[in-house]
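In listed order, ligands and their atoms are each counted from 1. Note that the numbering runs from 1 along the sequence shown for the chain.
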Amino acid sequence: MKKHIGYMLGILLAGVCMFSGCTEQRELAKQQLAQKEEKDRYDTMIFGMDTVMNLMVYHKDGESILLEAEREIHHLEELFSVTKEKSNVAQLNQQAGKASVPISEETAELLSIGKALTKETAGAFDMTVSPVVKAWGFTEETHTVPTKETLDSLLPLVDAEGLSIEKTSAYLEKEGMAVDLGGIAKGYTTDRILALFQEKGVESAVISLGGNVATMGTKPDGTPWKVAVANPLQPEDYVGILEVKDCAVVTSGGYQRFFEENGKRYHHIIDPSTGYPAESGLLSVTILCPNSTRADGLSTALFVMGEEKALEFWRAHQDFEAILVTADNRVVATKGAAKGFSFEERDHDFTYEVVEE
Ligand code: ADP
Ligand code: MG
């Protein structure tokens, strides 16, 4: 996964430095522009929310803006972490079935978005799946295959309806219930960073929070950003390149976090209706959407849904685009996603299809 991010940013960065000119004058103007861009270009790598984050911004005050962004990331991590004892989420989980706990405005907002998404996706996305995620050992990285009895005993605790959210407090109605914001927290954090950039007057930026990519504006030379869509079978390689501007590109895939036991692979995206890692016939789902929180939540949800339901959901909503990579080696792009996507026919066995409607 780290490689994947590095690779994507590699392409983004490579794109930024590509200049070509025809006449000498134009060449000079371009060189001057390039020098100015280089001067105003700031980037940083941060470790937060259990992942590597890369931020790049074009602005004369880029250095201080990135420092503020870093503070915001750590601030949100302190609120959303499921393992940091003092976080809003950990407190909420500890007090499940006992008491309502005070939460920050940001936590209230994200919990509300998550709960609405459960309704919208008919339970494919459900942050109260946490007790099950924990039973598989994905929370503390103590991987183990739980028994069917264990999972059956935990499934009644998976119910977003049992979470009540007020403006400054929240409550889980049954003891043993818990929430895990892992499926949307990076997306939300991305949106907060972009809001900060906007406030500071940034017009061109690209950030990647553990593979959750978001782009602001275009590259300084006016051309779109390039983001690679990983080959889930060889994540350091890619199946194609997306050209985007002002858009989040978020991928969920079983290849991103998994363990193996007795020759079988178990990944971290759980089907809340069974308690088992989703086996929906998809290897990955990439969502393109102006809103990164939504892109993050939907990438998880559509991965659980599988191709047919995912495309049905896309037809019904139309506020995002998607690229699905299927277990039977097809890359399926919705028509809006296909517009900026160059499928790479290289040394992989995938075929490409576009869904028009
Ligand atoms: P990543 O965190 O690798 O980017 P996702 O955005 O798909 O991947 O989120 C997966 C994380 O979300 C899991 O690690 C777990 O914490 C949580 N999760 C797993 N299954 C679900 C689900 N069905 N709905 C909501 N959250 C989930
Ligand atoms: Mg997600």
Side-chain angles (χ1 to χ4, degrees), residues 1-2 4-5 8 48-53 77 80-83 89-90 93 110-111 113-143 151 154-155 157-160 163 178-191 208-214 230 232 235 248-259 266-280 282-289 291-306 309-310 320 322 324:
M1 176 147 146
K2 283 174 197 167
H4 170 50
I5 303 159
M8 280 192 302
M49 301 186 167
D50 242 356
T51 192
V52 177
M53 305 179 167
E77 183 174 16
F80 301 154
S81 166
V82 72
T83 49
V89 168
N93 294 345
L110 187 51
L111 288 174
I113 295 171
K115 191 170 165 176
L117 204 55
T118 303
K119 224 176 191 160
E120 205 185 349
T121 63
F125 180 89
D126 193 333
M127 57 209 171
T128 65
V129 77
S130 182
V132 177
V133 173
K134 224 178 189 164
W136 284 95
F138 283 115
T139 313
E140 310 276 356
E141 304 291 343
T142 49
H143 304 140
L151 291 176
L154 294 174
L155 282 180
L157 299 171
V158 180
D159 177 14
L163 166 68
V179 302
D180 178 335
L181 296 177
I184 38 172
K186 283 180 285 188
Y188 180 81
T189 304
T190 300
D191 282 330
S208 169
L209 273 51
N212 281 43
V213 175
V249 181
V250 179
T251 299
S252 282
Y255 67 93
Q256 290 175 331
R257 248 170 84 196
F258 61 85
F259 67 94
Y266 300 94
H267 62 71
H268 71 310
I269 304 174
I270 305 294
D271 182 343
S273 68
T274 65
Y276 285 88
E279 286 194 43
S280 62
L282 294 179
L283 298 179
S284 75
V285 173
T286 298
I287 302 288
L288 289 87
C289 179
N291 183 291
S292 170
T293 314
R294 186 163 175 77
D296 195 2
L298 287 183
S299 69
T300 310
L302 269 60
F303 183 87
V304 172
M305 286 180 197
K309 281 194 186 149
F320 67 94
L324 316 176

Contact between Val132 and Pro272 at the side-chain level, heavy atoms closer than 4.5 Å - yes or no?
no
For the Mg ion (ligand 2), does an N/O/S atom of Thr300 lie at less than 2.8 Å?
yes
Suppose I only count heavy atoms of Gln256 and a 4.0 Å limit; which atoms of ligand 1 are within that range?
3 (O)
Give the atoms of ligand 1, by number and element, whose distance to some non-hydrogen atom of Pro272 is under 4.0 Å.
23 (N)
Does His268 approach ligand 1 within less than 4.0 angstrom via side chain, backbone, both or neither, non-hydrogen atoms only?
both
Only one of Asp126, Val82, Val89 forms a side chain to side chain contact (heavy atoms under 4.5 Å, CB included) with Val179, so which one is it?
Val89
Is it the case that the ring center of Tyr266 lies less than 6.0 angstrom away from the ring center of Tyr276?
no
Region of Ala124 engaging ligand 1 - heavy atom pairs below 4.0 Å
backbone
Has Trp136 got a side-chain atom pairing as donor or acceptor with Gly275's backbone, closer than 3.5 angstrom?
yes
Less than 4.0 Å is my threshold; does some heavy atom of Phe125 fall inside it relative to ligand 1?
yes
Within the side chain of Thr190, is there an N or O that forms a donor-acceptor pair under 3.5 Å with the backbone of Lys186?
yes
Got a sec: is Gly183 within less than 2.8 Å of the Mg ion (ligand 2) via an N/O/S atom?
yes
Please confirm whether Gly210 comes within less than 3.5 Å of ligand 1 when only nitrogen or oxygen atoms on both sides are compared.
no
Based purely on interatomic distance, does Asp180 place a nitrogen or oxygen under 3.5 Å from a nitrogen or oxygen of ligand 1?
yes
Determine, using ring centers only, whether His143 and Phe138 are less than 6.0 Å apart.
yes
Looking at Leu163, is its backbone amide N or carbonyl O close enough to the side chain of Lys115 to form a donor-acceptor pair, meaning the two atoms are under 3.5 Å apart?
yes
Are the side chains of Asn291 and Asp191 in contact, using a 4.5 Å heavy-atom criterion?
yes
The option among Val129, Leu302, Ile270, Asp126 carrying the non-hydrogen atom nearest to atom 23 (N) of ligand 1 is Ile270
Nearest to atom 6 (O) of ligand 1 by heavy atom, Asp296, Val158, Leu181, Asn212: which?
Asp296
Of the choices Lys186, Arg257, Lys134, which has the non-hydrogen atom that lies closest to atom 1 (P) of ligand 1?
Lys186
